[in-house]
Undergrad: 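Got a structure for you, questions after.
Quick caveat: nothing in here was measured; it's all calculated off a predicted structure. Each chain gets a letter, A, B and so on, in the order the sequences are listed, and its residues count up from 1.
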There are 2 protein chains.
Amino acid sequence: MTFKNVSCILNPNQQIDATGHQSASQELALARNKRHLEPKVKKEEIELVAMALLKEKGYDKTSMAEIARSAGVAANTIYWYFENKDDVLIAVLNRVVSQAIAEMATLREQTFRARVLTLIGQIENSGSLMTDVHSRVNHSTKVQVWHEQFHTMVEQLSVSELVNAEVCLDEAQLDAKLLIYVIEGLLAHPHKLQEREQIIDQTLKRILAK
Amino acid sequence: MTFKNVSCILNPNQQIDATGHQSASQELALARNKRHLEPKVKKEEIELVAMALLKEKGYDKTSMAEIARSAGVAANTIYWYFENKDDVLIAVLNRVVSQAIAEMATLREQTFRARVLTLIGQIENSGSLMTDVHSRVNHSTKVQVWHEQFHTMVEQLSVSELVNAEVCLDEAQLDAKLLIYVIEGLLAHPHKLQEREQIIDQTLKRILAK
DNA sequence: ACCTGAACACCGTTCAAGT
DNA sequence: ACCTGAACACCGTTCAAGT
């Protein structure tokens with residue numbers, strides 16, 4: 001199981017991206033329209049702006065109006081590109097996660113411990129996004145599906161890591177959940193860097209004890 | 001450290017309850033007013049109604065208007081008893097937790113494992129209240145304070161349990177956080193009853209391994 | 001296809017007024 | 001002290017209309 005296998009689990013937005021019927025005639029029509037140079041660029045711009053705002057202020061404190069204003073469009077324009085606010089959140093989450101995966105791929109040679117710690121640092125860098133996911137799960141089934149897929153992905157990765165570290169499969173599957181919940185706990189609650197490392201060390205020590 | 005020691009950490013709403021200046025003359029005035037038989041009863045009624053609704057539908061999907069309607073008062077009446085919606089949440093949380101503590105006090109003779117499992121069952125019984133707390137922490141400093149107090153309380157309880165089970169203090173403090181995060185993870189994500197027990201067993205096995 | 005102004009329904013909260 | 005009707009500011013979302 002490589003990181004590339006996983007990123008296709010993660011990006012079902014290929015469906016979303018493939019919704020437009022991009023024929024040659026339409027591209028000509030767009031070229032004539034002076035309001036928008038590139039339609040796909042606009043969507044990307046909205047996602048980037050939304051990512052910055054959601055990372056900084058979280059889901060609830062970021063209004064659609066503010067995203068729109070920062071992207072230089074009218075408030076309702078976002079609804080041409082996204083079904084609703086939760087869809088914007090999902091697009092941002094996909095960006096954040098695939099970015100994190102890309103950075104993680106660099107660290108293949110590091111210790112398990114080191115990789116876990118940098119992973120935590122990365123997610124922490126995305127503000128309250130993970131908490132936001134948990135609170136939106138009850139409101140949007142789409143977010144719920146995303147969250148489930150994300151968890152199974154991280155679980156599979158963790159299991160394979162643990163099996164590599166000589167934990168037998170049965171226990172690895174339980175330990176993986178255990179590890180993930182500890183990581184989520186660390187992310188959901190404020191911790192000093194040293195304290196965080198202690199807890200991770202303790203967890204790994206408990207899991208990898210022979 | 002007994003459960004009774006703890007419940008005074010938990011109930012700073014004695015401050016809140018003590019705000020009224022209940023002189024004898026006022027009680028007479030209230031008796032003359034036919035609209036409300038007992039003012040404290042009204043507040044309690046609001047809290048009970050809010051507790052039912054928040055447990056059932058969660059924080060976001062329960063509006064102040066709905067709470068008021070169920071309590072038989074005008075929407076803004078709640079603001080005489082509570083500063084804002086987060087204050088209502090905190091009052092409900094205090095009720096839920098002290099109720100859980102009372103029920104836990106019954107189970108002194110049970111196994112650690114059994115007590116943990118019934119605790120999880122109790123909290124799960126309160127719907128998404130714990131997730132709601134985590135998502136409101138970023139919006140209300142009062143909720144944030146409540147959350148911190150709650151965590152230190154549960155941590156102290158867990159540490160003393162672990163020390164009783166022959167874990168040395170240094171490790172018990174780390175293991176306590178570990179255990180709590182696993183419990184929170186179990187609460188935040190759907191699990192079959194059997195799966196939940198397996199994860200708890202695995203965690204306790206890892207923590208209590210000699 | 002892409003974008004907008006104007007409106008809608010709903011929300012938490014406030015205020016002036018009643019008893 | 002306790003309660004209310006009416007209003008406010010804000011929110012996500014929709015719709016009819018423009019290009």
Undergrad: Once salt bridge (Lys or Arg N to Asp or Glu O under 4.0 Å) is applied, what residue pairs with a partner in residues 53-64 of chain A remain, sequence neighbours excluded?
TA: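 Found A:Lys57-A:Glu66.
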Undergrad: Tell me every residue that passes side chain to side chain donor-acceptor pair (under 3.5 Å) with B:Asp86, counting only those two or more places apart in sequence or in another chain.
TA: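 If we apply the side chain to side chain donor-acceptor pair (under 3.5 Å) test to B:Asp86, skipping adjacent residues, the hits are B:Tyr59, B:Arg136.
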Undergrad: Under 30°, 30 to 60°, or over 60°: which ring-plane class applies to A:Tyr181 and B:His189, parallel, tilted or perpendicular?
TA: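 Taking B:His189 first and then A:Tyr181, their aromatic rings lie parallel (interplane angle under 30°).
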Undergrad: List for me each residue that meets side-chain contact (heavy atoms from CB on, under 4.5 Å) alongside B:Val163, sequence neighbours excluded, and say none if there are none.
TA: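 Counting only residues at least two positions away or on another chain, B:Val163 forms a side-chain contact (heavy atoms from CB on, under 4.5 Å) with B:Val159, B:Leu169, B:Ala172.
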Undergrad: Among all residues two or more places apart in sequence or in another chain, which pass the salt bridge (charged side-chain N to carboxylate O under 4.0 Å, His left out) test with B:Arg113?
TA: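 Here the qualifying residues are B:Glu197, B:Asp201.
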Undergrad: Applying salt bridge (Lys or Arg N to Asp or Glu O under 4.0 Å), which residue pairs with at least one partner in residues 119-129 of chain A are found, sequence neighbours left out?
TA: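 Applying salt bridge (Lys or Arg N to Asp or Glu O under 4.0 Å) to every pair that reaches into residues 119-129 of chain A, excluding sequence neighbours, yields A:Glu124-A:Arg196.
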Undergrad: A:Val73 side chain: which of C:dC2, C:dT4, D:dC3 is closest?
TA: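 My answer, after comparing the listed nucleotides, is C:dT4.
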Undergrad: One character per nucleotide, please: for nucleotides 7-17 of chain D, 5' to 3', B when the base has a protein heavy atom closer than 4.0 Å, S when only the sugar-phosphate does, - otherwise.
TA: ----SSBBB--
Undergrad: Quick one: list whatever passes salt bridge (charged side-chain N to carboxylate O under 4.0 Å, His left out) with B:Glu148, sequence neighbours left out.
TA: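 Result, salt bridge (charged side-chain N to carboxylate O under 4.0 Å, His left out) vs B:Glu148: none returned.
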Undergrad: What pattern of brackets, bars and dots sums up DNA chain D from 5' to 3', given Watson-Crick or G-U wobble pairs under 3.5 Å, [ ] for crossing pairs and | for another strand?
TA: ||.|||||...|||||.||
Undergrad: Would you kindly give the NZ-to-C1' distance between A:Lys43 and C:dA1, to the nearest whole Å?
TA: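 After rounding, the reported distance stands at 14 Å.
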Undergrad: Going by salt bridge (Lys or Arg N to Asp or Glu O under 4.0 Å), name the pairs with one or both residues in residues 176-187 of chain A, residues two or more places apart or in two chains.
TA: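 Matches after skipping sequence neighbours: A:Glu155-A:Lys177, A:Lys177-B:Glu195.
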